[in-house]
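Taking it in order: structure first as structure tokens, then the write-up.
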Amino acid sequence: MKIRFVSHASFSIESNGTTLLCDPWLFGKAFNQGWALLSPAAPVPWEDIDYVWISHQHPDHLHFPTLKSLTAEQRSHLTMLYQKHASERIPKVLRGLGYATVNELTLHKWQRLRGGIEVMCGSAGSMDSWIAVRAEGMTVLNLNDCVISPGHLAWIAKHVGDVTILLTQFSFANWIGNHADELGEAERKVSDLQFRVKFLHPEITIPFASFIYFCNQENSWMNTFSISPQRIAELNLPGVNFMYPGDEWDSHERRFNSEDAVLRYMTDLAMPKVIDPTPASVPVATIEQSVNRTLRAVRGRFGRFLIGKIQPFSIYLHDCNQVLVVDPAGVCQILAGTEDTVAAARYIMCSQVAWYAFAYSWGWGALEVSGMYLDRDYRATNRLAFYLNLLSTECVRFDNAHQTLRTMEFLWAKRHEVWDRVLQKWFPGPGESRAAEGRQMAPATLTGAEGRPKGSDCRART
């Protein structure tokens with residue numbers, strides 16, 4: 001077996017002449033131009049790739065510019081693999097891009113590919129998925145950036161079996177607070193990595209899915225808090241090895257160039273980064289139209305009575321000094337940015353980011369991942385965001401008999417995860433204690449890509 005690292009969350013597995021590639025992101029940016037690759041991606045020899053697995057719809061995993069860059073001939077011989085989700089949207093989109101062969105993987109069942117490779121795909125949350133690859137007596141478990149509780153991890157381990165190689169995220173990939181890690185995301189990611197290594201006992205762990213930097217004036221401050229490869233290497237966890245784009249691992253030799261990979265990543269981290277300026281302003285009338293259109297879609301899907309109970313909230317558009325009042329029960333209002341209206345706003349962001357959050361079904365999710373905003377009341381739940389996530393992922397739909405059957409099949413396959421989430425919420429058990437203990441084990445200094453950038457006038461005022 002050979003493993004070749006490509007970039008960020010992308011790597012390939014080759015066994016007996018068959019090659020599976022995961023989540024290719026080879027160039028460009030993601031999440032409303034808010035993320036950039038830390039290190040250049042390794043080239044992909046598409047003529048040698050047989051299967052491409054896409055874990056979920058986030059653009060650092062389902063990267064449309066990369067998929068569109070392939071020639072028609074290259075697309076024609078690839079078999080695309082995707083979880084059998086409640087929604088058929090992603091398989092349809094892939095076929096629309098010219099990938100004629102798209103196989104939906106039944107959740108939590110071993111399925112045979114060519115070359116003696118077997119795969120098991122599992123679900124996490126409303127859209128994410130993991131994959132286990134079994135070949136030549138070894139099992140590779142790719143958890144990418146799945147959020148998995150200790151109980152759910154135990155269930156996965158029971159069904160996957162002994163893990164030879166674990167690939168898992170090691171740094172945060174979402175908004176963490178208002179110019180500080182108020183959510184404790186950095187330490188939580190370190191403790192999650194520690195717990196997964198300790199619990200699964202893999203021979204090898206390859207930290208990945210975190211090789212990005214926040215590349216806009218609106219979110220670049222988060223680079224200060226990112227977990228570096230050096231920080232993880234200094235934990236001296238058993239079997240942990242980094243791979244740099246282009247690095248290969250062979251099951252016969254079983255050797256890594258981890259020290260060299262860490263050094264190269266740290267060199268990339270130390271290099272000056274291109275930080276884009278705040279995006280160009282979008283007319284407030286355009287934003288208003290997008291908000292109202294999305295609110296109508298949410299009410300149409302989930303009912304006016306249910307959505308009407310959600311309290312309005314406001315967004316201060318700092319680049320045009322206006323306030324957007326979002327009323328889920330009604331329409332959007334535009335107010336002048338006075339001392340009182342600005343002070344009452346929950347969110348602070350630029351007008352382009354606000355427009356993007358409502359212009360696309362996935363916009364609010366991209367906003368939360370890009371981190372291009374401030375939230376003065378972040379401890380309070382935004383119920384509209386919950387329904388926007390359901391609208392985006394289409395994980396719960398009962399439009400017709402066919403869709404109802406898909407939704408029920410999806411939820412039934414996830415019943416163990418759902419039940420575990422209920423137990424974790426209402427009856428925190430030993431798993432939560434272990435996770436908390438892990439967080440206490442790793443509070444050391446966090447090494448980031450660069451210093452805190454100068455804030456905008458709006459941020460200085462707030």
Side-chain angles (χ1 to χ4, degrees), residues 3-13 20 22-23 25 38 53-56 58 60-61 83 119-125 127-134 138-174 185-212 226-245 247 249 256 258 261-262 265 369 417 431 434-435 438-439 441-442:
I3 293 178
R4 181 174 183 267
F5 194 70
V6 176
S7 73
H8 184 52
S10 181
F11 67 97
S12 62
I13 300 175
L20 165 67
C22 299
D23 290 337
W25 174 19
L38 173 64
W53 175 72
I54 303 296
S55 60
H56 60 292
H58 276 166
D60 59 322
H61 299 263
Q83 59 178 308
V119 297
M120 176 189 288
C121 184
S123 174
M127 65 172 174
D128 214 338
S129 70
W130 52 266
I131 192 169
V133 181
R134 194 163 62 184
M138 293 173 284
T139 300
V140 178
L141 177 59
N142 175 6
L143 295 180
N144 60 80
D145 45 9
C146 291
V147 177
I148 297 174
S149 69
H152 189 195
L153 185 64
W155 187 89
I156 293 172
K158 178 181 177 181
H159 286 76
V160 168
D162 292 338
V163 176
T164 312
I165 302 174
L166 169 68
L167 292 101
T168 185
Q169 191 177 51
F170 68 91
S171 188
F172 62 86
N174 51 268
E185 286 293 307
E187 290 186 18
R188 184 175 295 113
K189 280 299 178 183
V190 174
S191 67
D192 285 347
L193 174 65
Q194 290 175 308
F195 181 77
R196 291 175 181 186
V197 171
K198 180 179 179 181
F199 185 84
L200 295 173
H201 297 291
E203 176 187 332
I204 298 162
T205 297
I206 303 173
F208 83 140
S210 302
F211 299 115
I212 61 98
S226 295
I227 304 295
S228 72
Q230 183 65 47
R231 167 77 174 87
I232 297 301
E234 290 173 352
L235 295 175
N236 293 317
L237 296 172
V240 170
N241 290 275
F242 280 88
M243 298 183 75
Y244 194 81
D247 284 356
W249 175 87
F256 288 88
S258 185
V262 170
Y265 280 126
V369 175
E417 178 199 354
R434 288 196 299 271
R439 286 193 284 275
M441 291 166 57

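With sequence neighbours excluded, no residue forms a ring pair (Phe, Tyr, Trp, His ring centres under 6.0 Å) with W53. Partners of D128 according to the side chain to side chain donor-acceptor pair (under 3.5 Å) rule, which considers only residues two or more places apart in sequence or in another chain, are H56.
Atom-to-atom distance recorded for Q194:CD and T205:OG1 is 12.0 Å, nearest 0.5 angstrom. The distance from atom OG of S10 to atom CZ of R4, rounded to the nearest 0.5 Å, is 9.0 Å. The CE atom of M127 lies 8.5 Å from the NE2 atom of H61; values are rounded to the nearest 0.5 Å. A distance of 4.0 Å separates OG in S210 from CD in Q169, rounded to the nearest 0.5 Å. With rounding to the nearest 0.5 Å, the separation of CD1 in I13 from CD1 in I131 is 7.5 Å. With rounding to the nearest 0.5 Å, the separation of CG in L143 from CG in L193 is 10.5 Å.
Residues I212 and L38 are not in side-chain contact: their nearest non-hydrogen atoms beyond the backbone lie 4.5 Å or more apart. The shortest distance between side-chain heavy atoms of P150 and F195 falls below 4.5 Å. Residues M243 and W249 meet the side-chain proximity criterion, which asks for heavy atoms closer than 4.5 Å. Residues C121 and W130 form no side-chain contact, since every pair of their non-hydrogen atoms from C-beta on lies 4.5 Å or further apart. At a threshold of 4.5 Å between non-hydrogen side-chain atoms, the residues F170 and V240 do not count as touching.
Closest approach of G239 to N241, counting heavy atoms only: O-ND2, 3.1 Å. Closest approach of F208 to N142, counting heavy atoms only: CZ-OD1, 3.0 Å. Closest approach of F242 to S258, counting heavy atoms only: N-OG, 2.9 Å. Considering all non-hydrogen atoms of both residues, A132 and L141 come closest at CB-CD1, 4.1 Å. Of all the heavy atoms in S123 and E417, the pair that sits closest is O-OE1, 3.4 Å. Taking every heavy atom of both residues into account, S129 and N144 meet most closely at O-ND2, 2.8 Å.
Taking the six-membered ring for Trp and thresholds of 30 and 60 degrees, Y265 and Y244 have ring planes inclined between 30 and 60 degrees apart.
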Please set out all donor-acceptor pairs under 3.5 angstrom arising from side-chain atoms of residues 151-165, sequence neighbours excluded.
unit_1	atom_1	unit_2	atom_2	d
H159	ND1	W155	O	2.9
T164	OG1	T139	N	3.1

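For the residue pair H58 and D145, no side-chain donor N or O sits within less than 3.5 Å of a side-chain acceptor on the partner. Between the side chains of D60 and H8, a donor-acceptor pair is found at a separation under 3.5 Å.
Remark: the backbone N or O of F256 is not paired with any side-chain donor or acceptor of D247 at under 3.5 angstrom.
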